[in-house]
Amino acid sequence: MSDRIDQLREDFRRESGEVTGEQEATALRDRWVGRKSGLLTAEMKTLGRLSPEDRRLTGQLLNHLKEEIEQELELLESRFAAARELAQLASEQIDVTLPGRHLPAGHLHPITLLRQRIEDIFVSMGYHIEDGPEIETDFYNFDALNIPAIHPARSRQDTFYITGKLALRSQTSTVQIHSMQRRQPPLRVIAPGRVFRRDTPDATHNPMFYQVEGLLVERGITLGDLKGTIEEFVRRMFGPQTRTRFRPSYFPFVEPGAEIDYSCFKCGGTGCRVCKGSGWIEMGGSGMVHPNVLRGVGIDPDEYTGFAFGLGLDRLCALMYGLDDIRLLYENDIRFLEQFR
Ligand code: PHE
């Protein structure tokens with residue numbers, strides 16, 4: 001009997017020596033110790049036919065062989081598993097020195113960047129930001145702003161009419177009226193937005209452009225408050241050395257009215273290409289809110305006074321960035337826009 005066991009051992013050793021892969025190792029395990037048809041399992045089943053003495057002895061030898069076989073199988077299996085793991089690691093290796101992939105990120109439009117800078121300055125002075133419709137009735141576009149029916153600004157040559165009474169707003173001053181209707185003074189409002197005029201597009205004109213409107217209505221407000229506010233704004237915007245000047249001008253919704261200029265941020269006032277040699281840059285219109293406008297929204301002009309101003313963003317943007325054509329701002333050419341990140 002022990003001869004037979006020696007033979008089995010020898011067979012197993014020979015077969016295990018020929019195993020070259022993980023699958024073959026599994027097959028070898030099935031063939032020898034598989035629960036149903038394993039060679040050794042079958043051998044164990046013959047024990048019942050032996051005499052009790054032989055059964056004990058052969059049982060011991062068989063158990064011993066089984067242990068040997070199990071050990072050898074485990075050794076084989078772990079060797080192949082380790083090899084498989086190594087191969088997998090090698091195939092999944094990444095070269096961390098390769099350059100990364102560039103994911104293009106979006107960024108803000110130059111007009112938006114400029115608008116935010118202006119908003120920040122006024123918000124820090126206690127103003128809050130308001131919005132108004134881009135399509136307005138004659139009331140908001142003209143009547144409430146004290147623009148008489150015969151005023152040239154009402155003409156179809158300047159304004160985009162949608163119907164007889166509805167038109168695209170041609171200035172953000174319309175938001176003054178909405179703000180004063182929405183709340184009672186004291187009021188400090190800043191209203192940035194798009195406006196529309198029937199201008200022929202050229203390097204300095206676009207039929208759509210941006211304005212920022214300012215409105216302050218409180219008790220005892222004077223022209224001095226308007227000048228002080230604008231001076232503070234231009235200093236924060238362009239530097240503490242920036243000077244301001246007011247030129248008398250006419251806007252129907254203010255009295256008195258003035259154009260605001262500030263000393264050129266490029267040359268400081270000596271004259272250069274940016275300010276076309278004058279030393280000054282035009283900023284926009286301003287003035288003390290006309291009593292008719294206050295009355296029209298139910299505010300008593302004997303109790304409250306206020307000032308308003310309106311700045312254009314597009315030409316300012318063009319001057320600050322040295323653009324020779326404001327239409328560049330609206331062509332959505334990514335090569336242009338990418339320069340403002
Ligand atoms: N709305 C005027 C314009 O578009 C500017 C302005 C605003 C003037 C407020 C006076 C007061 O030219």
Side-chain angles (χ1 to χ4, degrees), residues 111 115 118-119 122 127 129-134 136 138-148 151-155 157-160 167-180 187-199 204-218 221-231 233-234 244-262 281-294 296-297 299 301 304-317 326:
I111 289 282
R115 191 199 78 214
I118 296 172
E119 285 174 357
F122 282 104
Y127 287 69
I129 300 167
E130 285 218 18
D131 211 359
E134 290 178 346
E136 292 280 18
D138 268 359
F139 174 77
Y140 289 97
N141 271 329
F142 305 117
D143 300 318
L145 287 169
N146 197 39
I147 301 175
H151 194 280
R154 291 207 182 197
S155 119
Q157 274 157 25
D158 298 321
T159 307
F160 286 110
L168 296 177
R169 67 179 177 194
S170 61
Q171 51 184 357
T172 46
S173 298
T174 51
V175 190
Q176 290 185 31
I177 309 304
H178 290 288
S179 303
M180 291 188 283
L187 271 178
R188 292 183 189 192
V189 169
I190 198 94
R194 300 196 293 179
V195 301
F196 307 85
R197 290 183 195 174
R198 295 183 62 162
D199 286 330
T204 55
H205 295 85
N206 200 51
M208 184 281 291
F209 58 98
Y210 281 82
Q211 286 189 330
V212 175
E213 191 82 6
L215 172 71
L216 182 144
V217 182
E218 291 176 24
I221 296 301
T222 68
L223 195 65
D225 296 306
L226 169 61
K227 290 187 77 173
T229 302
I230 296 298
E231 274 166 17
F233 166 70
V234 298
T244 314
R245 78 178 180 189
F246 286 71
R247 284 181 289 113
S249 184
Y250 174 72
F251 302 95
F253 36 93
V254 288
E255 180 57 36
E259 295 270 359
I260 309 166
D261 300 335
Y262 59 91
I281 296 175
E282 288 182 17
M283 178 163 119
S286 68
M288 302 303 290
V289 182
H290 198 291
N292 287 350
V293 173
L294 293 173
V297 290
I299 295 174
Y304 289 104
T305 49
F307 62 72
F309 55 86
L311 325 172
L313 291 193
D314 300 61
R315 282 187 204 170
L316 176 56
C317 190
I326 61 165

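Order of listing sets the numbers, starting from 1, for every ligand and every atom in it.
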Exercise. Under 30°, 30 to 60°, or over 60°: which ring-plane class applies to F122 and Y127, parallel, tilted or perpendicular?
Worked result: perpendicular

Quick check on the 6.0 Å ring-centre criterion: do H151 and F142 meet it? no

Within the 4.0 Å heavy-atom cut-off, what F309 brings close to ligand 1 is backbone

Backbone or side chain, does any N or O of Q211 fall under 3.5 Å from an N or O of ligand 1?
yes

Residue pair D261, R245: steps toward the salt bridge (Lys or Arg N to Asp or Glu O under 4.0 Å) verdict: CA-CA 5 Å; D261 300 335; R245 78 178 180 189; 2.9 Å; yes

When distances are taken from atom 7 (C) of ligand 1, the protein heavy atom at minimum range is G310 N, 3.3 Å

- Task: State whether the number of non-hydrogen atoms from other residues, nucleotides or ligands found under 6.0 Å of D131 atom CG is greater than 12.
- Result: no

Going by the 4.0 angstrom heavy-atom rule, the piece of S286 near ligand 1 is backbone

When distances are taken from atom 2 (C) of ligand 1, the protein heavy atom at minimum range is Q171 OE1, 3.5 Å

**Asked** Going by an N to O cut-off under 4.0 Å, is there a salt bridge joining K227 and E231?
**Response** no

Looking only at protein heavy atoms, what sits closest to atom 12 (O) of ligand 1 is F251 CE2, 3.8 Å

Residue, atom and distance of the protein heavy atom nearest atom 8 (C) of ligand 1 read G285 C, 3.4 Å

Open item on the list: Is it the case that ligand 1 has an N or O less than 3.5 angstrom from some N or O of S173?
Closed with: yes

Legend entry - F307 touching ligand 1 at heavy-atom level, < 4.0 angstrom: no

Give a yes-or-no answer on whether the side chains of E213 and Q176 include a donor-acceptor pair shorter than 3.5 Å. yes

Under 4.0 Å from one or more heavy atoms of R197, ligand 1 contributes atoms 3 (C), 4 (O)

message = Looking only at distances, can you tell me whether any N or O atom of E213, backbone or side chain, sits closer than 3.5 Å to an N or O atom of ligand 1?
response = no

